[in-house]
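Notes follow the structure.
Keep in mind the model is a prediction, meaning the values are calculated, not measured.
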Amino acid sequence: MRRFGLILSVVALSAASAAYGQVWSEYENRQEFFAVNFPSDPVRTTSTFKTSKGTTLPATVFTATAPASSITAGKYIVTVVNYSTAPAEGGQTALDDAAKMILARGESKYDGVEHTEQIRSRRLTVETETKRWLAEIMYHEGRLYIIEADTAIDVVPPAQFQASIEILDDKGNRIRYRSVGSTERVR
């Protein structure tokens, strides 16, 4: 009888490990100058982003999905919008435009100005009865980065995704500034 209990324990532990032990890995994209942790290899698509002034800008969307059996089940998206043809609409306006799009999905649970790597960003949590979106929105050197986790409300909030974003320079090095608004990097 003891042996049967031990076998059941091992089987239960193995099943739990499979569901909870999903391995996330870092994805780096040097063309769009970012790195982030994804639950699987992302699918890359092209899209557009409409600014509050009505300008349509090109966007590249990277989407990865964690399986329903995972503790982090959901869709994980990084959208990179290129503002090179509309630099006057970038910066704080771009952050606000992206935030409005996400806030329109449900009830705001958190909306704060942050400084990820000393780059001004906007962090959001939006919920409905069944869904949750965690987002980090950043603007750096002509690019708007919209980092979104789209999960069911009963899934553990995937903060590791939101917090894993890194902006890269042209050599693939992580950019960190000494202070907000500074051009002096931390080495």
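Side-chain atoms of Arg132 come within 3.5 Å of backbone N or O of Val155 as a donor-acceptor pair. The main-chain N or O of Asn37 is found under 3.5 Å from a side-chain atom of Ser164 such that the two form a donor-acceptor pair. Under the 3.5 Å distance criterion, the side-chain polar atoms of Ser40 are matched with a main-chain donor or acceptor of Thr65. Remark: side-chain polar atoms of Gln162 are paired, donor with acceptor, to backbone N or O of Ala135 under 3.5 angstrom.
Of all the heavy atoms in Gly74 and Thr151, the pair that sits closest is CA-CG2, 4.2 Å. The two residues Ser47 and Val61 come nearest to each other via the heavy atoms CB-CG2, 3.9 Å. Shortest non-hydrogen contact noted between Ala73 and Pro67 is CB-O, 3.2 Å. Ala59 and Val81 get closest at one heavy-atom pair: CB-CG2, 4.1 Å. Shown here for Ala66 and Tyr76, the closest heavy-atom pair between the two residues is CB-CE1, 3.9 Å.
Counting non-hydrogen atoms of neighbouring residues, nucleotides and ligands closer than 6.0 angstrom, the CD atom of Glu26 exceeds 12 such neighbours. More than 12 heavy atoms of other shown residues, nucleotides or ligands fall within 6.0 angstrom of atom CZ in Arg105.
Shown are Leu144, Thr51, Thr48; of these, the side-chain contact (heavy atoms from CB on, under 4.5 Å) with Leu57 is made only by Thr51. When each of Lys75, Glu148, Arg44 is paired with Thr63, the side-chain contact (heavy atoms from CB on, under 4.5 Å) condition holds for Lys75 and for no other.
In this structure, the side chains of Glu127 and Ile153 come closer than 4.5 Å at one or more pairs of heavy atoms. Under the 4.5 Å side-chain criterion, counting only non-hydrogen atoms from C-beta, Arg120 is in contact with Gln92.
Atom CD of Gln31 and atom CG of Leu168 lie 12.0 Å apart (nearest 0.5 Å). The CD atom of Glu32 sits 10.5 Å away from atom CD1 of Ile167, with the distance rounded to the nearest 0.5 Å.
Between Lys53 and Glu89 there is no salt bridge, since none of the side-chain N atoms of the basic residue sits less than 4.0 Å from a carboxylate O of the acidic one. Ion pairing between a basic and an acidic side chain is recognised when a charged N comes within 4.0 Å of a carboxylate O; Glu28 and Arg174 show no such pairing.
Between Tyr145 and Phe33, the distance from one ring center to the other does not fall under 6.0 angstrom. Taking the six-membered ring for Trp, Tyr83 and His140 have ring centres at least 6.0 Å apart. Between Phe38 and Phe161, the gap from one ring centroid to the other is short of 6.0 Å.
The hydrophobic clustering, which links ILVMFWY residues whose side-chain heavy atoms are closer than 4.5 Å, places Tyr139 and Phe49 together. Under the 4.5 Å side-chain heavy-atom criterion for ILVMFWY residues, no single connected hydrophobic cluster contains both Ile147 and Val126. Criterion: ILVMFWY side-chain heavy atoms under 4.5 Å apart, direct or through other members. Under it, Ile137 and Ile175 are not part of a common hydrophobic cluster. When hydrophobic clusters are built by joining Ile, Leu, Val, Met, Phe, Trp and Tyr residues whose side-chain heavy atoms come closer than 4.5 Å, directly or via intermediates, Met101 is grouped together with Leu124. Linking ILVMFWY side-chain heavy atoms closer than 4.5 Å, directly or via other members, places Phe62 and Val36 in a single hydrophobic cluster.
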*Check against side chain to side chain contact (heavy atoms under 4.5 Å, CB included), Thr128 and Trp133*: CA-CA 9 Å; Thr128 66; Trp133 292 270; 3.9 Å; yes
*Show your working on side chain to side chain contact (heavy atoms under 4.5 Å, CB included) between Ile146 and Ile102 and close with a plain yes or no.*
CA-CA 10 Å; Ile146 307 167; Ile102 294 167; 3.9 Å; yes
_Trace of the side chain to side chain contact (heavy atoms under 4.5 Å, CB included) decision for Gln160 with Thr72_ = CA-CA 10 Å; Gln160 83 279 6; Thr72 55; 3.8 Å; yes
*Given salt bridge (charged side-chain N to carboxylate O under 4.0 Å, His left out), test Arg143 with Glu141 step by step and report yes or no.*
CA-CA 6 Å; Arg143 284 183 170 76; Glu141 295 184 355; over 6 Å; no
*List the steps, then state whether side-chain hydrogen bond (donor to acceptor under 3.5 Å, both in side chains) holds for Ser121 with Glu114.*
CA-CA 5 Å; Ser121 66; Glu114 303 291 337; 6.0 Å; no
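For Asp111, the side chain to side chain donor-acceptor pair (under 3.5 Å) test picks out Arg122, with sequence neighbours left out. Taking the side chain to side chain donor-acceptor pair (under 3.5 Å) definition, one finds that Asn29 meets it with Tyr27, sequence neighbours left out.
Looking at Ser52 and Asp97, their side chains do bring a donor and an acceptor atom within 3.5 Å of each other.
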